[in-house]
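Written below as structure tokens is the structure these notes are about.
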Amino acid sequence: MNVWPLKFRPTHDGAILFADDAGGFFRSDGAFLDRYALGALTGSDREFLSANGHAFETEGDLDHTGFAYRWASRQAAAGDLAYVILVPTLRCNLACSYCQVSRADERARGHDWTEETLKAVIAFLDGLKTESIKVEFQGGEPLLRVDLLERVRAFCRRRFKSAEFVVCTNLQRLGAAEWAFIDAPDTFVSTSIDGNVATHRAQRTITDDKTEEFFSNLDLALERLGPGRISALPTIDVEAPPPAASVLDTYARYGIRSIYLRPINYQGFARKRHAALNVMDRWNAIYREFVDLMIERNAEGGETFEEYYLVHCLRRVLRTGQDGHVDLRNPNFLGRDYLVLDHDGRFYPTDEARMMTRIGQIDLSVGDIFSGLDTSKLDALNAHATNLFDPDCLHCPYQAFCGVDLVDDIAREGRIDGPKIHTDFCRRHTFMFDLVFELLYSRDPKVRRSLAIWAGVPDLPYSIAPEHA
Amino acid sequence: MIPLRFKVDPLPVDEPIVTRLRAADAPDAGPFDAVFLGADGPVSEFDLAGFPLRLHDAPIEDVEDDVILVLPGQASAHRLIRAASPHNTLLVTERCDQLCLMCSQPPKRHHVDMFPHFREAVRLAPRDVYIGLSGGEPTLFKEDLFRFLLDAIEARPDVRFHILTNGQHFEESDVETLASIPHDRVLWGIPLYSHVPARHDEIVVKPGAFDRLMRSFAILARAGAAIELRTVVMKPNAPDLVALARLVTTRLPFISVWALMQLENIGYGRKNWNDLFLDTSAPDAFAPIAEATDLVRARGIQALLYNFPLCTVPAAYRSLAPRTISDWKQRYLDACTTCSARGACSGFFEWYPDDRGFSGVAPL
Ligand code: SF4
Ligand code: SF4
């Protein structure tokens, strides 16, 4: 019998988690680790490893084929470019505390697409191979240029078999034209609700008038569009987080049950200052508090909550082919199936790359709409777009579930070839997967209840989390 | 029951004839079509290339566009394809190399090569039909079967096939042929009863069947074939379901769907009913099915319950139980008269034994 290589990591409660390259996993103990390392597996070890999919007899037999299939379906295959993030203006009618670099004043000039840029954007879209497109409008506040949005949308509806639009808007000032734009059934609204009313005012709207304007527009939007077409996420200040219960209550009030918790993404000097304050540990503690509260609430019956990214990580552990989230997949090639197009016509591989370029940290633009994609720069980046050969990831049991975020590594570490385990990305995902496995192996019925909801089954059996003594 | 044969006044022919029954005014009637002339009491009369074709108890509104087979000298016509039905199955052979304890169609030695007729029938089939091929064991005539499939999918890009096979006869040398069949055109329905080789072998009554099947699965996987894994849930294998689910997630992650099926009381299934039938509506009896489906579905593999009356399934699992019993052999019980779920419910096989069946049938 041949056993596929196993990677391992101690768990919070003294066991050892083992996983293979295809994402098969189980828990055991130090004695098994010794037997495995010394090549002294017992008959019952072998029986377990075979039944749990970690072994095969001969190349090409069913165990070998099943493993190969699972491994292969965990590799993200980037399709044609079919998702574009467009920034038609950098101007905004709010000045949120955490967003100084990614906006310009509402009255400023020179921060919008020109007529020439719009024409080039449309010609670019026209040249895409895909038949189905997703367009996300970002800003600034994109609805300040609802005229440009209308023209892009009208073109896409004509040009593609299917087209879907998302507007990332602060829902502040909505006139007839703006409402008409978001009323369309192919158009979705993504907005920010920073936890509760008080935090939202402190971080975003500042004045009573603007706060009132936002929340009444949100009410109206829910009424007109229904909750299925509105998503929202809170940006959380690690130094002044709103109470978890008030955030859940606020979101529940708006019928939004999937919450994507995000810490304020500090840039430049602010980032350095906050790094010293051990933001990561504090964030993880806040995050954990939210998750625990969701688990409590979900056990009470009635409407349920999920933390979007935790559920995504859970599904990546349990299933293959969960590559819909561009921040967590492997390999994660840049500039392939999605692109960001800035107000000045420049392309970026991700939104964070746009931000970093804007603060002058490094130029991560990859060409522009007039002269095309800079493929040599993309190729240089993409040489590092997989975790398959990374010396740290190779030994990590989470490798099959994890991914790569090159831009984040550059942003925080200044390089993409340093030791992975020191990166922010790795620490964040080690925390996430530690949490996923802690929950998967939990015997707490409340945890089981939430896991079942998040995994989309009536009940999640203990047998999903194998243990080998 | 919907008839699969009609009484026919014997035709003065020496060769079997496959023809399509057309309405009197069908504008595109071709040379192989039998065109309706009129009703003579219970007899529908058709013009078949100048011969009178007389079918008994076959009103034109029920049989329009059906494809039938008339054999020389025989007094009955076989309804090969019913245009109005989503369930059309062609019987490739009655031979089989297994003797499954629950077989609904026990094998016979007898074999007639029907492929030439099936070829005709597919050509005449209505648009977008889904045709089942079954037996006996169709792959006992694997070369003929492959040739038939390759021709048919080329001749009729709209037609799809569902083939029931015991998976005992695929070889490494078939990979190329299998791979040339597009994934969405043929679904191979293959039974597996247990993760324990000996138990599977006992149920299909063929030593070595499990190991042979595992080899075939690897071959089909390499060819990218679409597989519907079928497990009839019975007393002997119900305790194995959870371990079988684990086998599905590790060794068979490439299947399209795992179908857990209730027993059919016919053929050997009738003879062995008392030993095999598991009343899954009894308290706790559904538990292994629940756990097995939860396990594979949490891991992203589709699982469905075939032939389960809805009221015998716990509410949280009813969405997994589509209406699967073919219309021509399906019925409801008295209890169903007042049931609000009837339209979505599989109901029962025509030959379901009311007195030895589920204890938990009650209208929803
Ligand atoms: S980045 Fe870190 S958590 Fe992710 S696979 Fe690599 S070592 Fe593991
Ligand atoms: S009462 Fe009859 S129709 Fe209703 S769910 Fe039960 S079997 Fe189906």
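Just so you know, these numbers come straight off a predicted model, no measurement behind them. The chains referred to below are lettered A, B, ... by the order of the sequence lines, with proteins before strands, and numbering in each begins at 1.
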Quiz item: A:Tyr441 ring centre to A:Arg27 NZ or CZ under 6.0 Å, with the angle to the axis within 45°?
Solution: yes

Practice problem: Could you look at B:Leu295 and say if it's the side chain, the backbone, both or neither that has a heavy atom under 4.5 Å from chain A? | Solution: both

Quiz item: Are A:Phe26 and A:Phe8 close enough that their ring centers fall under 6.0 Å?
Solution: no

Practice problem: Among the options B:Ala221, B:Ala298, B:Ala245, pick out the one with the most heavy-atom pairs lying under 4.5 Å from chain A. | Solution: B:Ala298

Practice problem: Answer yes if the ring centres of A:Phe18 and A:Phe25 are under 6.0 angstrom apart, and no otherwise. | Solution: no

Quiz item: Can you say whether A:Asp61 sits under 4.5 Å from chain B via the side chain, the backbone, both, or neither, judging by heavy atoms?
Solution: backbone

Quiz item: Is the A:Tyr398 to A:His429 ring centre distance short of 6.0 Å?
Solution: no

Quiz item: What part of B:Arg215 lies closer than 4.5 angstrom to a heavy atom of chain A: side chain, backbone, both or neither?
Solution: neither

Quiz prompt | chain A contact via B:Ser216 - side chain, backbone, both or neither, heavy atoms under 4.5 Å | solution = neither

Quiz item: Which of the residues A:Ala455, A:Gly456, A:Gly53, A:Ser463 is involved in the greatest number of heavy-atom pairs with chain B at under 4.5 angstrom?
Solution: A:Ser463

Quiz item: Within 45° of the six-membered ring axis of A:Phe401 and under 6.0 Å from that ring's centre, is NZ or CZ of A:Arg316 located there?
Solution: no

